[in-house]
Structures are given as structure tokens and as C-alpha cells.
Amino acid sequence: MPEATFAGGAGQRCWSSYLREEDPDSTGDNARDENAMKRYSVFAVAREAARFHTGWEKAWKSPEPKKKYDVIIIGAGGHGLATAYYLGKNFGITNVAIIEKGWLGGGNTGRNTTIIRSNYLQDSSAAIYEKARSLYETMSQDLNYNVMFSPRGVMMLAQTQHEIRGYQRTAHANQLQGVETRFIGPDEVKKLVPIINIHGPRYPVLGALWQPRGGTARHDAVAWGYARACSDMGMDVIQKCEVTGIRTEGGKVVGVDTTKGAIDCDKLGMVTAGHIGTNAKMAGFRLPIESLALQALVSEPIKPCMDVVVMANTVHGYMSQSDKGEMVIGGGTDGFNNYTQRGSFHHIEETVRALVETFPMISRLKMLRQWGGIVDMTGDRSPILSKTPVDGIFVNCGWGTGGFKAIPGSGWAMAELMAKGHSPLTDEFSMFRFREGRFIDESVAAGVAH
Amino acid sequence: MLTLTCPYCGVSGEETEFHAGGEAHLKRFISGSTDAEFDEYMFLRENPKGVHFERWRHVYGCGKWFHAARDTNTLEVFGTYSAQVSEPPKEIKDKISAKRPGWSWRNFK
Ligand SMILES: Cc1cc2nc3c(=O)[nH]c(=O)nc-3n(C[C@H](O)[C@H](O)[C@H](O)COP(=O)(O)OP(=O)(O)OC[C@H]3O[C@@H](n4cnc5c(N)ncnc54)[C@H](O)[C@@H]3O)c2cc1C
Ligand SMILES: [Zn+2]
């Protein structure tokens with residue numbers, strides 16, 4: 001068992017990162033290296049409270065780009081930032097720039113519904129998703145940044161006979177993979193989720209696949225925590241800078257053109273989710289990926305009523321309750337290519353209809369906000385972490401509707417791939433697997449977009 | 001929400017009346033083709049931010065398949081046309097050129 005044992009639940013936060021012991025240096029601010037970041041702690045909170053919070057410093061720097069870096073990462077979403085973080089932490093590569101056209105975490109990383117689980121079917125998926133889930137357990141401590149990881153438990157409802165068999169199969173696969181899940185009956189579902197309607201008119205709840213250490217985390221904080229740690233290692237997080245071209249010489253990458261000028265690099269990581277097709281085009285190759293809009297919405301805040309995450313794949317919707325009390329709701333992906341970060345109205349109606357059937361008490365709730373992100377879909381619903389036809393260019397994409405949960409594991413694996421040329425965690429996820437007929441079929445595990 | 005016009009029955013409807021069918025004008029490569037050709041046909045997809053050509057079906061109408069020319073970045077529909085062609089007709093291309101000078105898509109300009 002991991003050391004972090006803060007039990008999850010709506011309304012409960014993980015304060016553990018504030019409760020770390022004080023950094024011995026932090027009493028003598030002047031004695032410190034000016035550039036080193038100050039640690040967050042309960043003592044820092046007390047100290048700042050005593051001086052009207054005048055001493056908090058910027059969490060990361062905003063540098064101008066240098067002429068050249070060893071590694072450039074395009075995209076300051078969770079996956080790009082985690083890749084940079086582990087390049088530094090695991091391989092000592094810190095002459096790194098992370099280039100972002102908007103603001104960091106402004107892509108899908110700041111738009112998702114934050115479900116974290118690792119109950120996938122195939123071994124290669126279980127390996128990278130469980131690596132990620134286990135890194136989430138200690139991420140707040142590792143980054144000295146509270147990402148509010150809440151392992152409150154994730155439940156995937158079985159509402160047809162077929163789903164029962166499918167989830168029992170997954171539970172068995174997970175047992176062999178060492179991922180802790182089990183199949184539970186309707187009584188246990190009702191006990192864990194009192195607000196659920198077990199005897200629904202169309203699709204009664206027949207059981208569920210239950211992952212007790214799955215849960216949620218604060219999505220923005222994951223991006224911010226990594227950005228702060230990268231900046232502290234001397235890396236440059238460059239926001240409001242769009243990559244507009246990729247320069248190659250003799251089949252090898254030499255740099256990128258950006259809205260802040262040309263920047264050279266030895267290696268390039270493209271980690272741009274929905275925009276990966278535009279990046280690949282700049283570099284002269286294509287990917288088996290299409291970009292679609294996926295939406296989510298939240299209700300007005302209400303008192304704590306559900307302290308687990310529930311996903312209903314047959315009726316197509318899922319829901320959890322945020323620490324603020326909002327019901328966080330997601331559903332299906334639109335059916336056509338789209339870059340507008342705006343989905344179609346009828347998907348909201350379908351999702352809400354399905355959830356009202358499953359959770360009758362939400363029928364009177366007002367919805368507060370709705371938004372969309374552009375998700376990068378592969379044919380087998382598994383990601384691509386791979387070398388490319390261009391020497392020195394690597395891609396990390398195809399996470400589609402479900403990559404938030406994978407951020408730390410993906411960064412860990414991608415850093416190893418970029419530093420060493422291969423990684424046991426990415427070997428199966430090559431972009432060439434389609435041509436070779438080695439699909440990693442997770443369309444069942446990803447029945448609903450999450 | 002898209003509004004499309006079926007080129008067969010002439011009915012305009014919003015997107016729930018239709019079904020999206022993916023990239024248009026794919027050339028089929030099967031037995032006897034190279035691995036690269038088959039890979040391209042089967043898996044690789046145009047995924048442009050801008051001008052795009054797609055297949056759609058009028059599922060809750062006449063049931064016919066047809067083609068649509070759209071902008072994936074603005075959701076603007078340039079026009080719809082028959083399924084019985086292997087490249088967009090000239091009037092559709094001209095319409096796109098008027099609004100997006102210099103566009104290209106696969107080998108079409
Ligand atoms: C509504 C919704 C709900 C979701 N729910 C879940 C969930 O519950 N659980 C889960 O695990 N996953 C979920 N996901 C999926 C998850 O959000 C993504 O898989 C994940 O966040 C992808 O992270 P990323 O770092 O790859 O991409 P992003 O966070 O999108 O980052 C890519 C960045 O690249 C930048 N960029 C693009 N082009 C350029 C360029 N040319 N130059 C510079 N920068 C560029 C973009 O601005 C962007 O910030 C959901 C997604 C959506 C949209
Ligand atoms: Zn018709």
C-alpha cells in the first residue's frame with residue numbers, strides 16, 4: 001500500500017502537501033539561492049499569514065526563449081509538462097523548453113472531468129495506466145504542490161448481461177496484472193452510492209466493476225505543479241508562443257519556428273493532443289488520428305451526496321461530485337472532426353437524460369457551465385508514444401477522451417523513450433502498430449468518454 | 001450544431017438528422033497493394049484544421065450517402081454534393097477558393 005492514506009470523499013481535501021516538514025533553509029530567505037523555489041508548507045502558510053501574504057513568489061518564471069535547447073516539448077498540457085519533468089528528474093536533462101501557444105493547462109488538461117483509474121483490459125495499457133495511478137498517490141508530496149488526489153473509488157456500472165461478462169473479464173485480467181479491482185453486486189453498488197436508482201426502467205443496475213483506489217485530482221494543479229517543478233529545475237515554460245513550423249535537415253529535426261522566432265533543438269517532443277495532426281503535417285508525416293469535440297458540464301453546487309465516481313457506459317454518462325459540491329458530468333464525443341472546442345447541443349441532452357434515469361435526484365439541478373475540448377482519437381482507443389519517420393521527433397498523443405489519468409505515467413515513459421530511444425512502457429504504443437496489426441484494443445474499457 | 005442540406009432529396013436539417021461517415025474520397029487499396037498503400041487507406045486520416053471533405057448519410061431522411069465540404073475550424077459548411085464522384089465538383093472548389101484562398105487537401109486545390 002502506498003504511504004498516502006487520506007481517505008477520499010466529496011468535500012474532503014488532501015492537505016498532506018501542506019503538512020510536510022519545513023524546509024530547513026526557508027527561515028533564512030537571504031541565504032538561499034535566489035533562483036531556488038520556496039517550498040510550500042504549513043509553516044509557510046503561517047509565516048505568510050503573519051505578513052499579509054506579501055512573500056509568496058511566482059510559482060514559475062516566464063522567460064524569453066533561448067536560441068537553442070537540448071529538448072523542446074510542444075504543448076504545456078499535463079503530458080508535455082510531465083515529460084519534461086521526468087526528463088529532468090530521471091535523466092538529468094534540464095536544458096529543456098516547453099512551448100505553449102495558449103496558457104499552460106489551457107487544453108484538455110484544464111477541461112477534463114479528472115477521472116483516474118487503471119482498470120483497462122490489455123496488459124500494455126494496465127502497465128502504463130497503473131504506473132500513472134500509483135504516481136498520483138504521492139504526486140502532491142513529490143511536487144510539493146497539492147494536486148488534491150482523492151482516491152475515492154471509481155465504479156463502472158454493468159447494466160446489461162454483456163457488460164457483466166465484459167467487466168468480469170476485466171476484473172480477472174486486472175487480477176493477473178496486479179491492478180486492484182473487483183466485480184461487485186447491485187447491493188454493494190447501492191451501499192456505496194445511495195442516490196442511485198438500481199431498478200431503472202430501461203437498464204437496471206446489475207453490478208459494477210469497482211476500483212477502490214481510483215478517483216479524481218485537481219486538473220489545473222497537476223499542470224501547475226509540474227510547471228513549477230520544471231521551472232525550478234531551470235527549464236523554460238514559454239507560454240503564448242505557437243509553433244508554426246518544424247525545421248529538418250537530412251531527415252533529422254534541427255528546430256522549430258514559433259511566433260517568438262526560430263528556436264533550435266536536438267530532440268523534439270510533440271505533445272499537443274487535438275492539434276497533433278497539425279504538428280505532424282509541419283514535420284511531413286501523418287498519424288492515424290482524428291480530432292473531435294468532447295464536452296462536459298457541471299451543476300450548481302449542492303451538499304455532499306456521492307463520494308465515489310460513477311460511470312454508466314451503456315446509457316452513456318458519468319458523474320462525480322467536486323469538492324465545491326458541483327456534480328461533474330460527462331458523456332459522448334461528437335461524430336465529426338472539429339477544432340472549435342464547442343460540441344453539439346444534443347450530446348448534452350443525451351448525457352443528462354441518461355444520468356437523470358440513473359440518478360433521479362439530479363433532475364431539478366441547474367447546470368452552471370458547459371465546455372468542450374478537442375480530443376485526439378485513434379482507431380483502437382489507445383495512445384501513441386513513439387518515434388516518428390523524422391529522426392529526433394517523438395510523439396505523445398492519441399490519449400483521446402481518457403488521458404488525464406495517465407499524465408504521470410505517460411511523462412515517465414515518454415521521458416525514457418526520448419532519453420534512451422526506447423522504454424518498456426511505450427514499446428507497444430508505437431505509431432506503426434496499426435500497419436503491423438498490433439492493435440491495443442481498449443474500445444470496451446473506454447465505452448464512455450472519460 | 002451543423003445544418004446540412006441533402007443533395008439528393010434537398011432537405012435541410014440539423015446534424016441529428018444525419019450521420020457522419022468519416023473522411024471522403026478514400027481510394028481503396030486491398031489485395032495486391034503494398035503495406036504502405038494499405039496502411040494509408042486503412043488507418044491514416046486527413047485531420048486538417050480548416051478545409052475538410054467528408055462522407056455523411058441522411059439517416060433520418062432519404063437514407064442516401066453524400067459528400068460535404070466543411071471547415072473544421074469554424075464549422076462553416078461550404079456545400080454538399082453527390083456521392084458518385086471521386087473528387088469535389090468545380091463549383092464546390094470555387095466556393096472554397098473564394099473564402100479560403102490557397103487551400104489544399106490531399107491532391108485537391
Ligand atoms: C470534456 C473532457 C473530459 C475528459 N475527461 C477525462 C477524464 O475524466 N479522465 C481522463 O483520464 N481523461 C479525460 N479527458 C481526456 C484528457 O483531458 C486528455 O487526454 C489529456 O488532458 C490530454 O493532455 P495533453 O497534455 O496531451 O493535451 P492538452 O492538455 O490538450 O495539451 C496540449 C497543449 O498543446 C498546445 N498546442 C497545440 N498546438 C500547439 C502549437 N502549434 N504550438 C504550441 N502549443 C500548441 C495546446 O494549446 C495545449 O495546451 C477528458 C477530455 C475532455 C475534453
Ligand atoms: Zn436526403
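Chain identifiers are assigned alphabetically (A, B, ...) following the order of the sequence lines, protein sequences preceding nucleic acid strands; residue numbering begins at 1 within each chain. What's counted below: heavy atoms across the whole structure, side chains too, no hydrogens, waters or symmetry copies.
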Trainee: If I take atom CG from residue Leu44(B) and atom CE from residue Met431(A), how far apart are they, to the nearest 0.5 angstrom?
Mentor: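 It is 7.0 Å, given to the nearest 0.5 Å.
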Trainee: Tell me the closest heavy-atom pair linking Ala20(B) and Gly335(A), and the distance in Å.
Mentor: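 Taking every non-hydrogen atom into account, CB-O, 3.4 Å.
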Trainee: For Phe43(B) and Phe432(A), I'd like to know if the aromatic rings sit close, meaning centre-to-centre distance below 6.0 Å.
Mentor: no
Trainee: Heavy-atom pairs under 4.5 Å with chain B are the metric here; pick the option from Gly277(A), Pro288(A), Gly274(A) that has the most.
Mentor: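 It is Pro288(A).
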Trainee: Measuring heavy-atom distances to chain B, does Ile276(A) have an atom under 4.5 Å in its side chain, in its backbone, in both, or in neither?
Mentor: neither
Trainee: For chain B, which of Asn337(A), Thr340(A), Thr278(A) has the most heavy-atom pairs under 4.5 Å?
Mentor: Asn337(A)
Trainee: Mind checking whether His52(B) and Phe336(A) have side chains closer than 4.5 Å, heavy atoms only?
Mentor: no
Trainee: More than 12 foreign heavy atoms under 6.0 Å from CE of Met367(A): is that the case here?
Mentor: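 Check passes, neighbour count above 12.
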Trainee: Considering non-hydrogen atoms only, spot the tightest contact between Ser344(A) and Glu15(B) and give its length.
Mentor: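 Heavy atoms of Ser344(A) and Glu15(B) come nearest at OG-OE2, 2.6 Å.
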Trainee: Kindly check if the number of other-residue, nucleotide or ligand heavy atoms within 6.0 Å of NZ (Lys260(A)) is above 12?
Mentor: yes
Trainee: Ignoring hydrogens and geometry beyond distance, is a side-chain donor-acceptor pair present between His346(A) and Glu14(B) at under 3.5 Å?
Mentor: no
Trainee: Do Ile289(A) and Asn47(B) come close enough that some side-chain heavy atom pair is under 4.5 Å?
Mentor: yes
Trainee: Please check if atom NZ in Lys252(A) has more than 12 non-hydrogen atoms from other residues, nucleotides or ligands closer than 6.0 Å.
Mentor: yes
Trainee: Let me know if Phe439(A) has heavy atoms under 4.5 Å from chain B in its side chain, its backbone, both or neither.
Mentor: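 When you check distances to chain B, only side chain atoms of Phe439(A) fall under 4.5 Å.
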Trainee: Could you tell me which of Glu23(B), Glu40(B), His19(B), Glu46(B) has the largest number of non-hydrogen atom pairs under 4.5 Å with chain A?
Mentor: Glu46(B)
Trainee: Do Asn338(A) and Thr72(B) have side-chain N/O donor and acceptor atoms under 3.5 Å apart?
Mentor: no
Trainee: Which heavy-atom pair separates Tyr339(A) from Pro48(B) by the least distance, and what is that distance?
Mentor: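 In this case the closest contact between Tyr339(A) and Pro48(B) is CE1-O, 3.0 Å.
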Trainee: Counting only heavy atoms not in Trp103(A), do more than 12 fall under 6.0 Å of its CH2?
Mentor: no
Trainee: What pair of heavy atoms forms the shortest contact from Arg45(B) to Arg286(A), and how long is it?
Mentor: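 Looking at all heavy atoms of both residues, the shortest contact is C-NH1, 3.9 Å.
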Trainee: Looking only at heavy atoms, which two atoms of Leu75(B) and Arg342(A) are closest? And how far apart?
Mentor: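 So the minimum-distance heavy-atom pair works out to CD1-NH2, 4.2 Å.
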